[in-house]
Peer 1: 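Here it is, the structure, as structure tokens.
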Amino acid sequence: MSKVTVVGSIAFDAVETHAGKRDRLLGGSAVHFSLSSSFFADTHVVGPVGDDFGEAEFDVLHARGVNTDDIERVDGGKTFFWAGRYERDVNVRHTLQTDLNVFEAFEPKLSEASSSADVLFLANIQPDLQIAVREQCTDARFTAMDSMNLWIDIARDDLVRAIGLVDCVILNDGEVRQLTDEPNLVRAAQQVLDMGPRVVVAKQGEFGAAMFTREGFFALPAYPTPDVVDPTGAGDSFAGGFVGYVAAHADELDDATLRRAMAYGTALASFNVEAFGSERVQTVTPEEISGRVAELEHITRFEDVPIPLRA
Ligand code: AMP
């Protein structure tokens, strides 16, 4: 089985949506990513937690077979905390609080088991930490990363340096525009490709995701679920499905593989939003995931029927 290593936030989240409020959910970009990628590959998480991070939290990761040996528990430290609120339009999110806590002084030192991964994902966290982990994973055949507006605002130079070190960048469409200061998404994605990566995926919330490579373009709508409860982690679940699928097929990184990876990412993201935190992804089955991928394939297929157009 191929091996994926992920560094990113391991968090407690406080979340408010139209469906309700939760004060302390297991979250973090690396957590959401690894639960999804565990369906495809042996997944190793790297990052620090405080002594408020207990057995119950580790159990969620272990239940999906995620390797937590490189999660470092900092005595007297506090786990990363994020609070956010969504408007009735769930594409609109307000960050209320971000406490880096144990991430502030974190210096990643990867074990041999993590640094030898075939595939590496730098989930959303400070870009300098992403770079430090990238530099330790010298054997990776495929590397991908995410980021967010906060890091574009306060650590842009490091972020651009990190982008230059990976094969694939997965960002929200607004972040692609903000990073390049270019309002047109096609031009903006082209500029990100010019920074080094071969693949740029622009996530578009409930509208799906678009993929840009030097050879072409592909896009998928979101899976049309009527039950959106909490979108937190949808982007990371997408990345876990996308990167996990690529890891399981890393020898044949062609356009068809990348398109199918988009479908798996889309399916995992759709399950993630159907409950608070990662509750739904914790219980989803491989059959349910492949069922949605098959539906997505059907949704996006259409016959080349000649339509009589009038001049
Ligand atoms: P997503 O909804 O996929 O964009 O990611 C949501 C997750 O990102 C939450 O579980 C948060 O804990 C985490 N998060 C929020 N802000 C940050 C940040 N500045 N750095 C790292 N992780 C973050």
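When a ligand or atom number is given, it counts from 1 through the structure's own listing order. All figures in this text were calculated on a predicted structure; none of them were measured in a lab.
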Peer 1: Using a strict 4.0 Å cut-off to heavy atoms of Thr232, name the atoms of ligand 1 that fall inside it.
Peer 2: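 Every atom of ligand 1 under 4.0 Å from some heavy atom of Thr232: 2 (O), 6 (C), 9 (C), 10 (O).
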Peer 1: Could you find the nearest protein heavy atom to atom 13 (C) of ligand 1 and give me its residue, atom name and distance?
Peer 2: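 Minimum-distance protein heavy atom for atom 13 (C) of ligand 1 reads Ser9 OG, 3.7 Å.
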Peer 1: What's the verdict on side chain to side chain contact (heavy atoms under 4.5 Å, CB included) for Val74 and Phe106, showing C-alpha distance, side-chain angles and the deciding distance?
Peer 2: CA-CA 9 Å; Val74 180; Phe106 178 58; over 6 Å; no
Peer 1: Atoms of ligand 1 less than 4.0 Å from Gly235 heavy atoms?
Peer 2: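 What qualifies from ligand 1 is 3 (O).
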Peer 1: Walk me through whether Glu175 and Ser147 qualify under side chain to side chain contact (heavy atoms under 4.5 Å, CB included).
Peer 2: CA-CA 8 Å; Glu175 293 159 355; Ser147 189; 5.9 Å; no
Peer 1: Suppose I only count heavy atoms of Trp151 and a 4.0 Å limit; which atoms of ligand 1 are within that range?
Peer 2: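 Under 4.0 Å from Trp151, ligand 1 has these atoms: 19 (N), 20 (N).
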Peer 1: For Ala11, counting its heavy atoms only, list the atoms of ligand 1 lying under 4.0 Å from any of them.
Peer 2: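 That gives atoms 12 (O) of ligand 1.
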Peer 1: Please list all pairs passing the ring-ring contact (aromatic ring centres under 6.0 Å, His included) test where one or both residues lie in residues 280-311, with sequence neighbours left out.
Peer 2: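 Of all non-adjacent pairs touching residues 280-311, none passes ring-ring contact (aromatic ring centres under 6.0 Å, His included).
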Peer 1: If the cut-off is 4.0 Å to any non-hydrogen atom of Ala234, which atoms of ligand 1 fall inside it?
Peer 2: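 The atoms of ligand 1 under 4.0 Å from a heavy atom of Ala234 are 2 (O), 3 (O).
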Peer 1: Between Asp157 and Arg161, is there a side-chain N and carboxylate O pair less than 4.0 Å apart?
Peer 2: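 Here Asp157 does not pair with Arg161 in a salt bridge, since their nearest N and O are not under 4.0 Å apart.
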Peer 1: Which of the listed options, Leu150, Asp13, Asn149, Ile154, holds the heavy atom that is closest to atom 12 (O) of ligand 1?
Peer 2: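 Going through Leu150, Asp13, Asn149, Ile154 one by one, Asp13 has the nearest heavy atom to atom 12 (O) of ligand 1.
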Peer 1: Check ligand 1 against Gly27 and write out every atom of the ligand that is under 4.0 Å from a heavy-atom position of the residue.
Peer 2: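 What qualifies from ligand 1 is 10 (O).
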Peer 1: Looking only at distance, does Gly233 have an N or O less than 3.5 Å from an N or O of ligand 1?
Peer 2: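 So ligand 1 has an N or O lying under 3.5 Å from an N or O of Gly233.
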Peer 1: Tell me the protein heavy atom at minimum distance from atom 5 (O) of ligand 1, and give that distance in Å.
Peer 2: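 Here the closest protein heavy atom is Asp236 OD2, 2.8 Å.
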Peer 1: Checking contacts here: is it the side chain or the backbone of His32 that comes within 4.0 Å of ligand 1, counting heavy atoms only? Could be both or neither.
Peer 2: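 The answer is the side chain of His32.
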Peer 1: Do Asp158 and Gln126 meet the criterion of a side-chain donor-acceptor pair at a distance under 3.5 Å?
Peer 2: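 Distance-only check fails for Asp158 and Gln126.
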Peer 1: Please check if the side chain of Arg177 supplies one atom and the backbone of Pro183 the other of a donor-acceptor pair under 3.5 Å.
Peer 2: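 Side chain of Arg177 to backbone of Pro183, a donor-acceptor pair under 3.5 Å: yes, one is there.
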Peer 1: Among all protein heavy atoms, pick out the one at the shortest distance from atom 15 (C) of ligand 1; state its residue, atom name and that distance to 0.1 Å.
Peer 2: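 Protein heavy atom with the smallest distance to atom 15 (C) of ligand 1: Trp82 CD1, 3.3 Å.
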Peer 1: Is there a donor in the side chain of Ser29 and an acceptor in the side chain of Asn124, or the other way round, less than 3.5 Å apart?
Peer 2: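 Absent: no donor and acceptor within the cut-off.
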Peer 1: Just by distance, no angles: are the side chains of Arg280 and Thr283 close enough, under 3.5 Å, to form a donor-acceptor pair?
Peer 2: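 There is such a pair between these side chains.
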Peer 1: If you measure from the Lys or Arg side-chain nitrogens to the Asp or Glu carboxylate oxygens, is any gap between Asp118 and Arg141 under 4.0 Å?
Peer 2: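 A salt bridge is present here (some side-chain N lies under 4.0 Å from a carboxylate O).
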Peer 1: Check whether any heavy atom of Phe103 sits under 4.0 Å from an atom of ligand 1.
Peer 2: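 It does not, in that no heavy atom of Phe103 comes within the 4.0 Å cut-off of ligand 1.
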Peer 1: Could you tell me, atom by atom, which parts of ligand 1 come under 4.0 Å of a heavy atom of Gly28?
Peer 2: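 Taking each heavy atom of Gly28 in turn, ligand 1 has 9 (C), 10 (O), 12 (O) under 4.0 Å.
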Peer 1: Look at ligand 1 and say whether Phe81 reaches it with a heavy atom at a distance under 4.0 Å.
Peer 2: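 Outside the 4.0 Å threshold, so no.
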Peer 1: For Asp70, give me all partners under salt bridge (charged side-chain N to carboxylate O under 4.0 Å, His left out), at least two apart in sequence or on another chain.
Peer 2: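 Counting only residues at least two positions away or on another chain, Asp70 forms no salt bridge (charged side-chain N to carboxylate O under 4.0 Å, His left out).
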Peer 1: For Arg93, is the nearest heavy atom under 4.0 Å from an atom of ligand 1?
Peer 2: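 It does, in that a heavy atom of Arg93 comes within the 4.0 Å cut-off of ligand 1.
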Peer 1: Charged N to carboxylate O under 4.0 angstrom, Arg22 versus Asp230?
Peer 2: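 Asp230 and Arg22: not salt-bridged.
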Peer 1: Among Asn124, Leu171, Asp230, which residue places a heavy atom closest to atom 23 (C) of ligand 1?
Peer 2: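 Closest candidate by heavy-atom distance is Asn124.
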Peer 1: Among protein heavy atoms, which lies nearest atom 19 (N) of ligand 1, and at what distance?
Peer 2: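 Going by distance alone, atom 19 (N) of ligand 1 is nearest to Met148 SD, 3.3 Å.
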